[in-house]
Amino acid sequence: MGIMGTVRIVVCDDEEAVLEALRRKIEYFCEEKGTACEVVCLESGEEALREEQPPDILFLDIQMSGLNGMEVAAQMRRRHQNTVLIFVTALSEYVYEAFDVGAFHYLVKPFQDSKLQEVLGRALEQWNERQSGDKEAMRDTKEPEADGTPGQDKGVGRSTDSGRCQKDVHGAILVKRGGVSTKVSLESIIYAEVYNRKVMLHTTCGDIEYYGKLTELSELAGEDFYRTHRAYLVNLKYVEKYNATTVWLEQGSVLVSKKQFPGFVRQYMQYIGRERDR
C-alpha cells in the first residue's frame with residue numbers, strides 16, 4: 001500500500017543531539033522507502049502544542065522541561081485523534097500511561113536503528129490506513145444510499161459497498177454517538193482501544209469512536225476477542241503474528257501485557273481450532 005502525500009513527522013525532545021540524530025535517521029529511512037516526509041524538530045512540548053498544522057506522526061520525549069511528554073500527549077490526543085504517537089524515552093516505567101493516551105509505540109533509549117526503522121515503518125502504514133479510511137468515510141457521507149436516504153454519520157467511517165462491512169455472522173453491537181445508535185458488526189472490528197473514557201473501534205470499514213468502557217465491549221464481543229492489555233481488545237480473526245509483547249493485526253498492532261500473554265496464546269489456539277472445525 002503506497003503512502004499518500006507528504007507525511008508530517010514531528011520530533012519533540014529538549015536535547016538537541018537527540019533531535020538531530022532522529023531527524024537524520026527518519027529522513028534517511030523515508031528516502032530509502034521513497035516516502036515523502038517533512039521532518040520538524042521541536043525542543044519543547046509547548047512548541048508542539050502551538051503548531052497550527054497537526055503532526056501525522058509524533059516522536060515525543062517524556063522527560064522535558066516545562067510540560068512533560070505525558071501532558072503534551074494528553075492535550076495532543078484531545079485535539080488530534082489521528083496523530084500516530086510514539087514515545088521516545090530513557091524511562092520504561094511510563095509504558096502503561098503511554099498506552100492510556102493511545103500511544104502507538106514506546107521506544108526506550110538506547111535503541112537500535114533497526115528498531116526505529118521497524119516502528120517508523122509500521123507507523124507510516126497506520127497513518128496511510130487512517131488516511132484511506134478518512135477518505136472513504138468522507139465519500140460515504142456525500143453519497144446517498146440506494147433508497148435515497150442520507151449517507152452515514154460523518155464520524156462513523158463505514159463503507160456502504162464493501163462486502164466485509166456487511167457481514168454479520170457473529171452478531172453486532174449498538175454504538176451510541178450524538179444521540180444516534182449505529183449497528184456495528186462484531187466481525188468487522190479488527191481491534192478496539194480505550195483512552196480518556198472513549199473507545200475507538202478500528203474496523204474494516206474505518207474508525208468509530210464513542211464514550212464507553214472496554215470491559216463492557218469485551219463481555220459483549222465473546223470468545224473470538226481477547227483483552228491483550230487494559231487498553232486493547234483484539235479480534236482473533238485478524239491476528240497475523242505475535243510475540244510476548246506485541247500482536248500484529250491485519251491493520252495496526254497492539255501491546256500485550258506480560259500477565260495477559262499466556263491467556264492470549266491459549267485463546268488464540270482455541271480460536272484456530274474452532275475455525276478448523278467449522
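- Looking only at side-chain heavy atoms (C-beta outward), E43 and L19 come within less than 4.5 Å of each other.
- The backbone N or O of L58 sits nowhere less than 3.5 Å from a side-chain atom of R8 that would complete a donor-acceptor pair.
- Cluster annotation: Y271 is connected to V254 through the hydrophobic network of ILVMFWY side chains, with a link wherever side-chain heavy atoms come within less than 4.5 Å.
- Using a 30° and 60° split on the angle between ring planes, Y191 and H202 fall in the parallel class, below 30°.
- One finds a salt bridge joining D113 and K25 here, because a Lys/Arg side-chain nitrogen approaches an Asp/Glu carboxylate oxygen to under 4.0 Å.
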task: Test side chain to side chain contact (heavy atoms under 4.5 Å, CB included) on L49 and L67 and set out the steps.
output: CA-CA 10 Å; L49 294 173; L67 287 177; 3.7 Å; yes

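- Ion pairing between E125 and R122 fails under the 4.0 Å rule for side-chain N and carboxylate O.
- Q112 CD: 12 or fewer foreign heavy atoms inside a 6.0 Å radius.
- In this structure, K213 places its NZ atom where only 12 or fewer heavy-atom neighbours from other residues, nucleotides or ligands lie under 6.0 Å away.
- The backbone N or O of F29 lies less than 3.5 Å from no partner atom in the side chain of Q117, so there is not a single donor-acceptor pair.
- Minimum heavy-atom separation, F59 to V88: CD2-CG2, 3.7 Å.
- For F111, the CZ atom is densely surrounded, since the number of other residues' heavy atoms within 6.0 Å is greater than 12.
- Hydrophobic clustering, with ILVMFWY side chains joined whenever heavy atoms are under 4.5 angstrom apart, groups I272 together with Y242.
- Using a 4.5 Å cut-off on side-chain heavy atoms (C-beta onward), L85 and M76 make no contact.
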query: Stepwise, does the side chain to side chain contact (heavy atoms under 4.5 Å, CB included) test hold for I190 with T204?
result: CA-CA 7 Å; I190 299 170; T204 56; 4.1 Å; yes

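- Under a hydrophobic clustering in which Ile, Leu, Val, Met, Phe, Trp and Tyr are joined whenever their side-chain heavy atoms come within less than 4.5 Å, directly or via other members, W248 and V256 fall into different clusters.
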message: Determine whether E51 and V40 satisfy the following criterion, side chain to side chain contact (heavy atoms under 4.5 Å, CB included), listing intermediate values before the conclusion.
response: CA-CA 10 Å; E51 288 277 290; V40 178; 4.3 Å; yes

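- Side-chain atoms of D13 do not come within 3.5 Å of backbone N or O of V18 as any donor-acceptor pair.
- Ring pair F264/Y268 is parallel by interplanar angle, where below 30° counts as parallel and above 60° as perpendicular.
- Atom CG of L116 and atom CD1 of I86 lie 8.0 Å apart (nearest 0.5 Å).
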message: Determine whether V7 and T35 satisfy the following criterion, side chain to side chain contact (heavy atoms under 4.5 Å, CB included), listing intermediate values before the conclusion.
response: CA-CA 8 Å; V7 187; T35 300; 4.2 Å; yes

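- With respect to I189, the side-chain contact (heavy atoms from CB on, under 4.5 Å) criterion is satisfied by exactly one of I208, V184, D224: V184.
- Checking side-chain atoms of E20 against main-chain N and O of A17 turns up no donor-acceptor pair under 3.5 Å.
- With respect to R50 and E46, no salt bridge is recorded, no charged nitrogen being found less than 4.0 Å from a carboxylate O.
- Atom CG of L214 and atom CD of E219 lie 10.5 Å apart (nearest 0.5 Å).
- Remark: side-chain polar atoms of S181 are not paired, donor with acceptor, to backbone N or O of K176 under 3.5 angstrom.
- Salt bridge E118/K115: present, at least one basic N to carboxylate O contact under 4.0 Å.
- Atom OH of Y210 sits about 11.0 Å away from atom CG of L174, to the nearest 0.5 Å.
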